[in-house]
Amino acid sequence: MKKNPPNTVADDVVVTLNYTVKVDGDTVDSSEGSDPIEFIQGKGMLIGGMERALYGLAAGEHKQFRVAPADGYGDEDPDAIAEVPRGEFPPEIPLEPGVELLLKDEDGDEMEAHIVSVGEDTVTLDFNHPLAGKELDFSVEVLALRWATPEELDHGHVH
Ligand code: ZN
């Protein structure tokens, strides 16, 4: 058993964190207005570039850093754009650019996509993550640190 609480972010530490992510100055994701996030450091629960930037931070510390696409949501894949006949969409789905969709592939796995454009006969879908290919500007504040319990490490999530 580790007796002393962790001083800084390290592997197997449960981190409570506020964060904001901006792309070109616009906020695209944030814990503001909701609860801070909690995760076990070193388990790949975050995108790689974010997890790496947190090592060594103490509770109460703020940090700003930039994450490149390779350490974030990857580069945009031009092959992940698809034309789908309009008739394949149920009538309740609004066919407008920007609409986010949750689709199932042949294996029943869920895939997220968003509508790029709507033509006369087809709808163009983009299956890339909305933040693929983007430089992400993070601003974080560490709120609390504690060691993960053996049970949490075993389960791979925070209790
Ligand atoms: Zn559990």
Side-chain angles (χ1 to χ4, degrees), residues 1-77 79-82 84 89-90 92-94 98-115 125-159:
M1 275 297 282
K2 290 160 173 160
K3 290 196 188 94
N4 298 321
N7 294 320
T8 58
V9 176
D11 285 342
D12 299 344
V13 168
V14 174
V15 182
T16 308
L17 185 93
N18 272 326
Y19 73 98
T20 296
V21 188
K22 292 185 178 186
V23 172
D24 297 330
D26 293 324
T27 300
V28 294
D29 192 14
S30 178
S31 60
E32 241 172 81
S34 59
D35 291 332
I37 56 167
E38 270 193 317
F39 55 89
I40 305 173
Q41 175 75 1
K43 298 289 178 198
M45 293 178 172
L46 310 172
I47 58 170
M50 181 182 186
E51 186 168 69
R52 278 200 296 283
L54 299 178
Y55 281 105
L57 291 180
E61 252 190 286
H62 294 251
K63 186 175 182 181
Q64 295 192 319
F65 52 92
R66 175 169 281 195
V67 172
D71 297 317
Y73 294 95
D75 289 316
E76 259 181 290
D77 178 3
D79 293 334
I81 311 279
V84 180
F89 292 88
E92 65 269 21
I93 291 182
V99 169
E100 306 277 340
L101 304 170
L102 195 58
L103 307 165
K104 282 199 171 135
D105 67 12
E106 300 98 34
D107 301 323
D109 291 325
E110 287 187 335
M111 298 180 299
E112 286 181 70
H114 68 270
I115 296 178
L125 296 183
D126 186 348
F127 289 89
N128 285 295
H129 188 283
L131 296 178
K134 307 278 196 251
E135 300 269 349
L136 308 173
D137 290 315
F138 278 86
S139 165
V140 301
E141 176 188 15
V142 177
L143 299 175
L145 302 172
R146 66 169 174 83
W147 293 111
T149 64
E151 197 185 21
E152 286 173 320
L153 291 174
D154 193 42
H155 288 200
H157 56 237
V158 177
H159 284 168

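Counting convention: from 1, in listed order, for ligands and their atoms alike. Along the sequence shown, the residues carry numbers beginning at 1.
Contact annotation: the side chain of L145 never approaches that of Q41 to less than 4.5 Å [non-hydrogen atoms, C-beta and beyond].
When the side-chain contact (heavy atoms from CB on, under 4.5 Å) test is applied to E32, the partners found at least two apart in sequence or on another chain are T20, S30. In terms of the side-chain contact (heavy atoms from CB on, under 4.5 Å) criterion, residue partners of V99 (sequence neighbours excluded) are, by chain and number, P94, E96, L101, I115.
Residues in residues 58-74 take part in these side chain to side chain donor-acceptor pair (under 3.5 Å) pairs, two or more places apart or across chains: R52-D71, R66-D137.
Shown are the protein N/O/S atoms under 2.8 Å from the Zn ion (ligand 1), given by residue and atom: H155 ND1, H157 NE2, H159 NE2.
One finds the CG atom of D29 at 8.5 Å from the CD1 atom of I37 (value rounded to the nearest 0.5 Å).
Classification of D12 and K43 as a salt-bridged pair holds, one side-chain N sitting under 4.0 Å from a carboxylate O.
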